[in-house]
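Along the sequence shown, residues are numbered consecutively beginning with 1. Counting starts at 1 for both ligands and their atoms, following the listed order.
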Amino acid sequence: MKKNLLLLFLLLLFGGAVFAGLGGYLHSQQKLIELSKQNNRDKAVALFDNLIMTRGWNNKLDGVYMRQQDGVEANPHLKNGQITTDQGDKLVKVIPAWMSRERMRELGAGKPGYRYNITSLMPLSPENKPDAFEIEALQFFREHKNQPYYFRFAKNLKSLDFMGALQVTEECLQCHGQQGYRIGDNHGGIRITVPTDLLHAQIQQIERQTRITIISVTAIAVLIYAALYGLINALCKRQRAIQQLNESLNVKVAERTRSLEQTQKKLSDELQFQQMRAELYNLLIGSDYSVDKLKSRILSNAKQLTASPWALAGEVDPDNADLRCLFEIDSALIDNLVLAPDEDGSYAALWGHPLHTGEPFKVNRPVSEWLAGDRINERLKLQRVLSVPVMFNDALVGQLAVANKQSDYDEHDQQLLERLAKFYALSMHFLRTEADLKLTREKEKRYLREVKRLSITDPLTSLYNRRHFRELFNKRLNLAKRLKLFFGLLILDIDFFKPYNDRYGHLAGDQALVTTAKVISRQMRRSTEQAFRVGGEEFCCLVLAETSEDIVTLAESIRRAVKDEQIEHRDNPPQKVLTISVGLNIVSDYEDASYDKIYKAADDALYEAKSQGRDQVCVT
Ligand SMILES: Nc1nc2c(ncn2[C@@H]2O[C@H](COP(=O)(O)OP(=O)(O)OP(=O)(O)O)[C@@H](O)[C@H]2O)c(=O)[nH]1
């Protein structure tokens, strides 16, 4: 379009210039022709003036006489028209008109094409009758008294017809007085025809030159225009090619920029994703992690990654075969939203889609347009939704959704959300496994504690057993040594227990053992005092004390307390109640103290107590 306008403009400009040039040239040629015409006119006027001068001279002399020649008659209208000189020569009077005619004849003689005539509208002689041109000129003079000349070029410009006006003078009246002529009138004229062959030839040459010039100039103009056209076309082509190149370059640059921007966005999203994942890992391996914290972080990450104001995470209840969801919605705007399932217990439509199909769900138009009547979604007024299933080991464990991004959700958003969903699944799995593990560990601990307890406890009396006694013995001994305390070992044995069993039965015997153990335990009030059941009806106590008296006192109080229980024992004379004998060894010098030595000493003391009548404490 631009090119065409330019070419049109150039065509007009160039055409205008060519026409202006040709016009100037034609004008100058015309001027030349005019000058040439004027030259011919001047020539005719000069001839006319010559004749007028001759007439004037004759007129001034009032006619001149010349020798009469053959064929020359005297003018009958003149007075003294013919005279004879003294020498007998015959003279005739020559008047201006006659003289003019003679002069014209002389001027025209031998000059082909020249023609002279003196005439008037009312000639006296019929020979002088005017032709058409002459009539035309004479009528012109009559109408324009101040115009002395009349010209007309022949059509082929080969001759110029000229007529000069002749004013009536007094002399004219001599002949034309009777015709009503008045002095000063233009009644006649001299007609001169001048050949203008030169003018004709000149004009023909000018026309030829003009034709050649026009053709040449036009041809040159056409050639120049064609060259310009070609040049402009080529330039336009080049420009168009450059423009196309530029456009394609711009497109490529735009494409590259777009792809760079996309890559940059992907990289920045990837970086963001990695940071989020690192934070999530930290959260997972941190000491204060919780499912709530993790979900809240996942939701805020989903919003951040997809530039969405809303995020939603749903979990499939692992204990329920139906795909019931436990939803969490992160938005103050929808706090009051009731997320109850439909009557059939399912979350249909929008929320249910990924759960039912296991496929991602992406809609970039208002929910009301495609899901009219859906109670939940209508309340949410969702404009755009992207929801992906949360899968673990090919099993659907929940869904992660975002909504109402400013622009459309695309594949990139979906990929990011799917990756986050994977992490979500992994985290949830980890948390569940972790919780299970914690529970198992606690159970195990409890079990081990129980086993340990059982391993060191006597099942009948709940006192520590012999094994624990052995384990603790040296520890307590070393502690006493370190704290510089007295170490006491008490061996307590029920008196005549066999007869007790025999009389009251084994169960009663067991009960008596339990009661005795309780009594002993009650006496063990400090952390430095422990009681053990080390055999059938045999107990031990390990006691650490500031003084040996404290230990003896404790042993006595135990013995007394058992007796005070007043458990009937008929075969234990003379008390008739259940009693115990106590063998006690107190260690204060730890130089060569050992279990065997100490135990033997206490056992010896017990033997002594038994030997001395039972129900007593013996100390070694
Ligand atoms: N009921 C019951 N009896 C037990 C248990 N362990 C040991 N005995 C009994 O305790 C009795 C111990 O008797 P002996 O060692 O002969 O001594 P004693 O009859 O107590 O006589 P002294 O010790 O000399 O006073 C045995 O008859 C055992 O059967 C038990 O767990 N339950």
Return the closest protein heavy atom for [atom] as residue, atom name and distance.
| atom | result |
| --- | --- |
| atom 22 (P) of ligand 1 | Lys610 NZ, 3.7 Å |
| atom 32 (N) of ligand 1 | Asp510 OD1, 2.9 Å |
| atom 24 (O) of ligand 1 | Arg614 NH2, 2.9 Å |
| atom 20 (O) of ligand 1 | Phe497 N, 2.7 Å |
| atom 13 (O) of ligand 1 | Lys498 CB, 3.5 Å |
| atom 9 (C) of ligand 1 | Asn501 ND2, 3.3 Å |
| atom 15 (O) of ligand 1 | Glu537 OE2, 4.0 Å |
| atom 7 (C) of ligand 1 | Gly536 CA, 3.6 Å |

### Task
Applying salt bridge (Lys or Arg N to Asp or Glu O under 4.0 Å), run through Asp495 and Lys610 and close with a yes or a no.
CA-CA 8 Å; Asp495 297 327; Lys610 291 276 183 186; 2.9 Å; yes
### Query
Is there a donor-acceptor contact under 3.5 Å from the side chain of Tyr424 to the main chain of Leu294?
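Not at all, since once roles are kept as given, no pair shorter than 3.5 Å links the two residues.
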### Given Asp413, Asn364, Thr306, the one that forms side chain to side chain donor-acceptor pair (under 3.5 Å) with Lys405
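Option passing the side chain to side chain donor-acceptor pair (under 3.5 Å) with Lys405: Asp413.
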### Query
Do other residues, nucleotides or ligands put more than 12 heavy atoms under 6.0 Å from the CD atom of Gln274?
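For Gln274, atom CD is crowded (more than 12 foreign heavy atoms under 6.0 Å).
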### Query
Counting heavy atoms not belonging to Lys600, are there more than 12 under 6.0 Å from its NZ?
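Incorrect, the count does not exceed 12.
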Could you list the atoms of ligand 1 found under 4.0 angstrom from a heavy atom of [X]?
| X | answer |
| --- | --- |
| Pro499 | 19 (O) |
| Asp495 | 25 (O) |
| Gly509 | 1 (N) |
| Asp493 | 23 (O) |

### Task
Determine the interplanar angle of the Phe532 and His468 rings, folded into 0 to 90°, and report it as parallel if under 30°, tilted if 30 to 60°, perpendicular if over 60°.
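Judged by the thresholds at 30° and 60°, the geometry between Phe532 and His468 is tilted.
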### Message
Below 4.0 Å, non-hydrogen atoms only: which portion of Leu513 touches ligand 1? Side chain, backbone, both or neither.
### Response
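Side chain only.
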### Query
Side chain or backbone of Asp502 under 4.0 Å from ligand 1, or both, or neither, by non-hydrogen atoms?
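For Asp502, no heavy atom sits under 4.0 Å from ligand 1.
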### Query
Taking the six-membered ring for Trp, are the ring centroids of Phe423 and Phe430 within less than 6.0 Å of each other?
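When the ring centroids of Phe423 and Phe430 are compared, they turn out to be at least 6.0 Å apart.
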### Task
Kindly say whether the aromatic ring centers of Phe469 and Phe539 come within a distance under 6.0 Å.
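So the answer is no for these two rings.
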#### Entry: Donor + acceptor pair across side chains of Gln243, Arg240 (<3.5 Å)
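Note: Gln243 and Arg240 side chains miss the donor-acceptor criterion.
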### Task
Establish, from distance only, whether the side-chain atoms of Thr620 and Asn585 form a donor-acceptor pair under 3.5 Å.
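Distance-only check passes for Thr620 and Asn585.
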### Query
Hey, is Arg533 one of the residues with a heavy atom under 4.0 angstrom from ligand 1?
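Yes, that is the case, since the closest heavy atom of the residue is under 4.0 Å from the ligand.
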